Amino acid sequence: LNELGSESAKIKAMGIMDKLSTDKTVKVLNILEKNIQDGSKLSTLLNHNNDTEDEERLWRDLIMERVTKSADACLTAINIMTSPNMPKAVYIEDVIERVIQYTKFHLQNTLYPQYDPVYRVDPHGGGVLSSKAKRAKCATHKQRVIVMLYNKVCDIVSSLSELLEIQLLTDTTILQVSSMGITPFFVENVSELQLCAIKLVTAVSTS
């Protein structure tokens, strides 16, 4: 899927995606949807108190692998849809909704807590840490896999703004996209995502 994401970006840049058979492209999109669904609601911040540190790490690695795989599937699907001169058949509502659902969930539950301590859930208190939590104390070191996921999600958000310029989406979907585009401005340490969100919010306003 990682390779498919890279190749689809190249084919999109070359402007030859529309030369592919529509039936095959639609079939690929439907398969991609299943892969997006696989990681769309997986929490990467699980804390199993009964597990050893090694078990915890292995479990998290497994979850992150599935979440990253789903991000690649999102990117591939959105690269197909935002390529020039694509037939109407590729704008499958279920796939678009699944991409948005995946992105919203992992921004809120995986990336924001990693980049901004205010979004972290206190494991002892069961609630979100007070906004008085010292943002300055936030660890600057990030796992490579988290940085990679962050970059992929930035690409997805950016590509969604392209999709808005091409395809008319339902009101419900537009509302989802709007909230996704506005939230990053209340999060610290995500400047790249904020730039992508500006594009997204602008595209929503324009459409």
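Values reported hereafter were calculated over all heavy atoms of this structure, with side chains retained and with hydrogens, waters and symmetry mates removed. Remember, predicted model here, so these are calculated numbers, not experimental data.
In this structure, N189 CG and Q114 CD are separated by 12.0 Å, a value rounded to the nearest 0.5 Å. To the nearest 0.5 Å, atom OG of residue S40 and atom CD of residue E33 are 9.5 Å apart. Annotation: the span from I80 atom CD1 to L32 atom CG amounts to 5.5 Å, rounded to 0.5 Å. Separating the CD1 atom in I96 from the OH atom in Y91 is a distance of 8.5 Å, to the nearest 0.5 Å.
Between E65 and R60, none of the side-chain N atoms (NZ, or NE/NH1/NH2) sits under 4.0 Å from a carboxylate O, so this pair counts as no salt bridge.
Residues V118 and Y112 have side chains not in contact (no heavy-atom distance under 4.5 Å, counting atoms from C-beta outward). Annotation: side chain of T206 is not in contact with side chain of E165 (no heavy-atom distance under 4.5 Å). Inter-residue side-chain proximity for T82 and L160 is flagged as unmet; no heavy-atom pair is nearer than 4.5 Å. Inter-residue side-chain proximity for M81 and M86 is flagged as unmet; no heavy-atom pair is nearer than 4.5 Å. The shortest side-chain heavy-atom distance between Y150 and E192 falls under the 4.5 Å cut-off. Here the side chains of M17 and S8 are in contact, with some heavy-atom distance below 4.5 Å. Side chains of S43 and N109 form no contact here, defined as non-hydrogen atoms less than 4.5 Å apart. In this structure, Y119 and Q108 have side chains that are in contact, with non-hydrogen atoms separated by less than 4.5 Å.
Smallest separation of non-hydrogen atoms from C196 and C154: SG-O, 3.4 Å. Looking at every heavy atom in both residues, T68 comes nearest to L149 through CA-CD1, 4.5 Å. Here the closest non-hydrogen pair linking D18 and G15 is OD1-O, 3.5 Å. Pairing each heavy atom of D116 with each of F186, the nearest pair is OD2-O, 4.3 Å. Smallest separation of non-hydrogen atoms from V67 and G39: CG2-O, 4.1 Å.
Here the options are I156, I78, V177, I36, the test is side chain to side chain contact (heavy atoms under 4.5 Å, CB included), and the partner is T103; only I156 passes.
Tracing side-chain contacts under 4.5 Å through hydrophobic residues (I, L, V, M, F, W, Y), one reaches V90 starting from I16; they form part of the same cluster.
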task = Report the C-alpha separation of I146 and M148 in whole Å, then their side-chain angles, then the decisive distance to 0.1 Å, and conclude whether the side-chain contact (heavy atoms from CB on, under 4.5 Å) test is met.
result = CA-CA 5 Å; I146 289 290; M148 200 164 66; over 6 Å; no

request  = Show your reasoning for whether side-chain contact (heavy atoms from CB on, under 4.5 Å) applies to L4 and D72.
outcome  = CA-CA 8 Å; L4 203 56; D72 287 322; over 6 Å; no

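Looking at K104 and T183, their side chains never bring a donor and an acceptor atom within 3.5 Å of each other.
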